[in-house]
Structure formats: structure tokens, C-alpha cells
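Worksheet: one structure, shown below.
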Protein chains: 2
Amino acid sequence: MTVATLDEGPTVPATIRDVARASGVHISTVSRTFSAPHLVNPETRGRVLACAEELGYRPNRAARALITGRTHNIGLIIADIANPFFPPLIKAAESQARQRDYHVFVADTNEDPIAEEELVHALAKQVDGVLLCSPRMSNSLIEQLSREVPLVVINRQVAGLPCVTMDVGQGARSAIEHLLGLGHRKIALLSGPRGSWTSREIRRAAGAAARAGGAELTVLGPNHPTGTGGGAVAEQVRRGDVTAVLAYNDLMAIGLIEGLDALGLRVPQDVSVVGIDDIALSRLTRPKLTTVATPTAAAGRTAVDMLLQHDTVAARGSRGGRGGTVDDRRTTAQVMLQTDLVIRDSTAPASAAAGRTRPGGAEDAPGPHRLAGPGRPTVTTGGVVAS
Amino acid sequence: MTVATLDEGPTVPATIRDVARASGVHISTVSRTFSAPHLVNPETRGRVLACAEELGYRPNRAARALITGRTHNIGLIIADIANPFFPPLIKAAESQARQRDYHVFVADTNEDPIAEEELVHALAKQVDGVLLCSPRMSNSLIEQLSREVPLVVINRQVAGLPCVTMDVGQGARSAIEHLLGLGHRKIALLSGPRGSWTSREIRRAAGAAARAGGAELTVLGPNHPTGTGGGAVAEQVRRGDVTAVLAYNDLMAIGLIEGLDALGLRVPQDVSVVGIDDIALSRLTRPKLTTVATPTAAAGRTAVDMLLQHDTVAARGSRGGRGGTVDDRRTTAQVMLQTDLVIRDSTAPASAAAGRTRPGGAEDAPGPHRLAGPGRPTVTTGGVVAS
DNA sequence: CCAGTTACTGCAAAGGTTTGCAGGCAAGTA
DNA sequence: TACTTGCCTGCAAACCTTTGCAGTAACTGG
């Protein structure tokens, strides 16, 4: 029977043993060819590599993980992938990880704290660490989970654990001050989901800023942090008789603008709206959204760095950690990244009831103006915690 | 020294051996307690479970994978997580997988064919199968990779492999016919990225439909399938002197609208624009986008089903496949899901140069009108391929 | 020529789990 | 009583790789 010659393709995966047999060396030599090339004779190495190539051999990471205790994977747990806030963070984490020969496994919890816990457990044994992003579960549960697998928390501060947060407090303050500067005195805050650290921070800072400026701040929520969640409170906003709104995130802000439009209220002429996050979308809507830019990509990168640095020190399990005794005292850092207010077209002076179509006058709208510089200076708080 | 009593938390993970020792049985009994409970005495089982709970034991999936050949993970390779087209697909795949006790590992390729191949290799040994979504690499490479790990292709048809696609051809045809019906005779097509099967299908169907209707179709591209990619061709669209545009996806359509706006052209008064995908965003922009709805969630679910069904039959490696001999002849199915045109506000009659602010007359805009029903009937093509 | 290096390579244990096989025991049958 | 049957459990091999240790050979310097 005539069989195609070229693409046979090994239907059963080749193991290290097959390569050893083919190249006439011991399996340990094959192993070293891949994991410690400098220990094997260049000539032998060449032969082994050739055979491996020929057989289509690829090291079995699961078996490797079993003995080294390191999987070279990291888990990334996300509340909602469909929220455009997250993808830049995911991509940044992924590319940072890939640079260090790590893979990222992303999992979505649908904003469900139960799913969160379950996923940490499920991932624990197949990753070297987990990035817990915007967790909705309790601090004590997070601490408990952190004993099962190295954790880095994003968008929340948990004592004793490495965390990277964004200074949304500062962002909310800037936003409120911006609104105050435009003459607004009755402002609403659309808060985020229950259990969100970020939402609490925003609420605290916005409240303080409003009080300091002599304005009245009405808190509406908690809300589902999506477009429909924002649209759902449009009616409340109208009844509340406020002239400006700060939303927990851009998605809600955009949903709100849509909802207000349906009620016949126009933004920014009738109501000013400020979002948080500066997702790509906020530049595409009309009016373009005034918002607080959060350095999501930087957060993703930083979190990976923190996890890997911390993780390189102490390999888990078996004989992996041969680099001397690992001391119990782990240094954990908490990083907070700066945020910037980006002023666009969804905010206007409180008295702007006149029929202007856009703030800023003529056809050519003014470019966005950043209050703080785009360079990303970070505030770092170091700390040492005995476990 | 006084130590807190409650939350000690085992710092070193308990193994099956620890549980065996604690409950006075052999490790195989512990193993069976988890993987084949009906084989162990209820009383013993209770004791084992109690000890396991106490010790915080969790089965090591890597070790299990090593021997069973099944990881209970599936990989999902995505061109660009930031493209809002994908998240619904990801979420659907994830929830479908979770129902069957599988986890999904998502990886992003940044539209890079090299990264695609690399990722398949990297994932091969740690997942039971890979969902390859909108691949940019060649068919022959895909076939080759499918010998290394079970593959299901999404948004592309590859002979001999299980595929799930959406009928974008039909969608493009409907879109063109809709535009023809509105009197447009000079239409532009913004094509997608090089290597995209979807883009080719759209082009072919749109071309045929335009020809049949006696219209002129100008193809612009290939383009980067993002908002900026769409904005970048606004100038070309103006010069092309067309009255309507069909874009490869919603993101490009929205970017284009933005770009046209900057050039002083208004949608739909001056130019009609149709997108494809019906991402959530397309309902939030102004004008709301006329677009072709693609059943992305259904695609995710279906792909997982196909992979798992196909995968349950033949476990890879070692002694996993003890259910008789697996025949070489694998049945592969190709599923194509139906698409619907959703008419919103970004399309208007070709002669609508008069100063209407919105099509459809009065303030209350007409609700979207679906040409095809919302039930998702699917066209299934079965096939048997000898390998 | 010998002792001491250096550069490779092989040996075998280990990692945590699954599973075919066989043994033990009690109940049921003849 | 002897034999069968069925339920439960233990034994040990196997999965694929890494790595400390030991052994070999060639080479260096004295």
C-alpha cells in the first residue's frame, strides 16, 4: 500500500525514553540536554536534539512539575472577562509571564465569590501562584487560601499579602474636585458591587472630598458593575435631582448616559457624568467620557513580577528548593499605582443649561487634558511580615 | 509559646499518603474514595473523608494526569481578548466546561500566528484538547498540530477536523441586500486581517450579493480588526465616494464612524455603516449600530461539547484508554451556526441627504428588527474521515 | 608515573496518583 | 461441611521526569 511519505506524524507522543533509545544514551542524559545543556557534551547533545526533533519529542510538563514542584504556570482569576477593564490587564500579565517562560491560565468567576474560592483550589496544584483580581470574597478567606498557594491580590489591600492596587481614592477625589470646580453641588455616586474594596475606597474618598467642598453626595447602590447596571439607576438619578454623577466604572457611566438619554436628559448639558477606568470604549462614545484613568496594564505586569520574584525564592514541594534553607520570614510588598483624571466631553459647568451641543466651543473639540503626567510614578510601601 | 489554635493551616500540602496513615488504610483505598467511591465501604469512606477534610487534602491533579492521561483542562486560544467579540465565547466555553468538571485555560496570541503555534505546543501536554479560535496560521499547520493534541477549530473550516463556524456568508449577504434595498449602489467592504477565514467568506458572499444586485463593491484592506483599524480607513472611504460600508466587525465599524465624524461625514445621513458581530457595545454607541449578530456564546458551548465528546472516546497516553481498542476512524463534525441581521440606526436610505437627525422619524426610535428569528437553528454537516 | 582535576555519563530513587490483580472474609448455596 | 459468590482492601507496578551520587576516562601538573 502506498502511504504518503512526508507527514506521518507520531500519533502516540514520544517520551524521554524513546529519545534515549534512539540516540543510544541514558534517559538522564536526555533530560539534561533539555534542563541543563551545559552538563552534556556538545556532540552528544547534538545527537540527542536531532533524535528528539525527529521523534517530535516534547517534555511532559506535568511529569516535570511532579518532581520539581514548579509548573511554570500562573493562574489569573478575574471577576468578569466581559468587562473591558480587564483585558488590558490580562494581556499585560500574559506577556510579562511569557517573557519569563510562564503561561497564564485565565479563569472567570462571574462575580461569584463561591466560584472564586473553588477556582483557587482547583488551580492550586497546577500553577505556581495565583493572581487574584478584584476579589469579592472576605479578607480572612483570602488569607486562608494564601496558605495553599502563593497569592498576589490585585485591586484590594490585604494585610500580610502582596497586593497591587490603584489609587482610586486619589482618582475619585480628583473627579469630585473637578465637578466642584464646575460648580456642581449636588452629586450622586453610583457605587459598585458589594464586597469590592475599590468601591469602598471610592466612596470614602468621594465622600470626604464632597464634604470638604461643601457639596451633597448621594450614594446609589450597590450596583452590578455593567452597562445595564448603570442604566438601571437612571431613573433614580433623575429623581435625585443631582447635576453630576460619579460612577464606579466606565461601563456603568456609559450605561447611565444611555439611560438618561432615554429619559430625555442630556449629558453633559443636563447632567455631568464621570467614569472610572478609562477603558478604550470611553473614547468612542458620544459624548466622550470624562474618566479616571487606571494603569491596568502596569498592574498586570507588576503583579506577575511580584508573584514570580516571591515564587523564585521558595519552590514548593519535594526537592525543588535546593538553594539552602528558606526562611519563614517572607518580605511582602504592597504597591499602589497612580491614577489620572482625563477630562473629555461628558462634564460641563453646572449652569450649562443653555443649548450648546458640546463643551469647548467650536467644531474641533479640545483634546483631552490630563491633570497628572502620563509617566507612571508609583507609590511603594514595603513591609516585612513574619508568618 | 502561645500559638493561635484555630487557623494553623497546613503549610506543606497533605498527600494521599498522609490521609492513608491518618485513617489507617492503604493509599489505594484513599485513592478509590475519591475516584471510585462505590468501591469502598461507606464506613471506611466516611473515615477517610473525615481525615482528608481534617488534613486539608486535595488530590494532586498533575500526578493524576500523569497516570490517567487526562488533565481535565482544556485550552482556549484567542487572537485578542481585548476584542469584545471574544469574551462571551470565552464565558460560554468556561461555564460549559465547568459543568463537566473541566477547567479552561485561556491564552491570547495578539493576532500573531507564531505565538499561536507556540501556545498549542506549550498547552499540548497540560490539557486534554485545545479550542483554536479564529486561527491566523495555515490549514496545513493546523492539521499537523492536530496530531499532537485534539483540536476543535472555531471560525474556520479545516477539512478533516471538527469545526464550528458562523454563517457570516449569509450574514454578509443579508447586510448587502439590506443596503441594496435602501438604494445604495456604491458600497465599500472593509476587510479583516490577513489569514482570516471569516474575512474571506465575507468578501466572497458580499461580492456575489453586490454583483447580483448590480452594485459596485470596493474592497478596502486588509485591516487590523480594531477601532483604530477602522478609523484609519475613514479617509479612503471618503475618497472612494461610496454611500455605504460593510465592516469586517463592529469594532472597525465603530472606529470608522468615529473617523468619518472627524472628517465631517455623518452616519447614517451621509454614509450608512453595517458591522458584524453585534457586540454589546454596538447597542451603546450613537448611532446604534446596524450589524450582523453572530452566536458567539453558542459557538463556545458547541466547541466544548465537540471537544469533550470526541475526547471522552479516546483518552490519550498510558493505560487511560481501557475501553477496548480505539479505531483509527474518527467521526468529525462540522457545525455552522446561523447569523441574523439586526437593523438599528447606522443605516439609512441612500438619498437621505436631507437633515433628519435619525432614521425612523419621531423621537422614539424604532426597536431593532431581526430578519431571522432569534431561535438558533443550526446547520450541521456530518462527515467521516479516515486518518 | 602518579595524584588530582575536570568533563561527562549512568544509576536509581523520588514525586503523587491510579488500577489490575489477588487475597481475605462473610454470607449464601448445595 | 465444602464450595461459590460478592464485597472490600492491600500490593505493587506504572506514568515521565529530575537530580544527588558515583563511576569512568582523559587530561594536567609535578
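So that the names make sense, note that chain A is the first sequence line, chain B the second, and so on, each numbered from 1.
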Once you round it to whole Å, what is the distance between P of C/dC11 and CZ of A/Arg17? 13 Å
Protein-nucleotide distance (A/Arg61, atom CZ; D/dT17, atom C1'), rounded to Å: 13 Å
Rounded to the nearest Å, what distance is computed from the CG atom of residue A/Leu66 to the P atom of nucleotide D/dA14? 17 Å
Rounded to whole Å, please give me the gap between NE2 in A/His26 and P in D/dC16. 15 Å
Between C1' on C/dT9 and NE2 on A/His38, what's the gap in Å once rounded to a whole number? 14 Å
From the list C/dT18, D/dT19, C/dG16, which nucleotide is the closest neighbour of the side chain of B/Arg64? C/dT18
Rounded to whole Å, CD of B/Glu43 lies from C1' of C/dA26 at a distance of 15 Å
Would you please name every residue forming a ring pair (Phe, Tyr, Trp, His ring centres under 6.0 Å) with B/His72, sequence neighbours left out? B/Tyr102
Figure out the CG/C1' separation between B/Leu39 and D/dG6, and round it to whole Å. 12 Å
Flag, side chain of B/Arg136 to backbone of B/Ser134, donor-acceptor distance under 3.5 Å: yes
Does A/Thr15 reach a base, just sugar-phosphate, or nothing at all? Heavy atoms under 4.0 Å. sugar-phosphate
Name the nucleic acid region contacted by B/Phe34, choosing base, sugar-phosphate or nothing; use a 4.0 angstrom heavy-atom cut-off, strictly under. nothing
Check whether any side-chain nitrogen or oxygen of A/Ser28 sits under 4.0 Å from OP1 or OP2 of D/dT18, and answer yes or no. no
Between A/Thr29 and C/dG10, is there a contact of a side-chain N or O with OP1 or OP2 at under 4.0 Å? yes
Round to a whole Å and report the spacing from CZ of A/Arg32 to C1' of D/dT18. 9 Å
Quick check for you: among C/dT17, D/dT18, D/dG10, whose closest atom lies nearest to any side-chain atom of A/Ile67? D/dT18
So, does B/Thr44 get its side chain near the phosphate of D/dC8, meaning an N or O under 4.0 Å from OP1 or OP2? no
Which part of the nucleic acid does A/Val25 contact within heavy-atom distance under 4.0 Å: base, sugar-phosphate only, or nothing? sugar-phosphate
5'-most by nearest nucleotide on DNA chain C - A/Val40 or A/Ile27: A/Val40
Please walk me through it: do A/Thr109 and A/Ile78 pass side chain to side chain contact (heavy atoms under 4.5 Å, CB included)? CA-CA 6 Å; A/Thr109 67; A/Ile78 297 278; over 6 Å; no
Could you please spell out the steps behind the side chain to side chain contact (heavy atoms under 4.5 Å, CB included) verdict for B/Ile142 and B/Leu145? CA-CA 5 Å; B/Ile142 294 179; B/Leu145 289 175; 5.7 Å; no
Is the shortest side-chain N/O distance from A/Ser31 to OP1 or OP2 of D/dT17 below 4.0 Å? no
Does B/Gln126 offer a backbone N or O that forms a donor-acceptor pair with the side chain of A/Arg61 under 3.5 Å? no
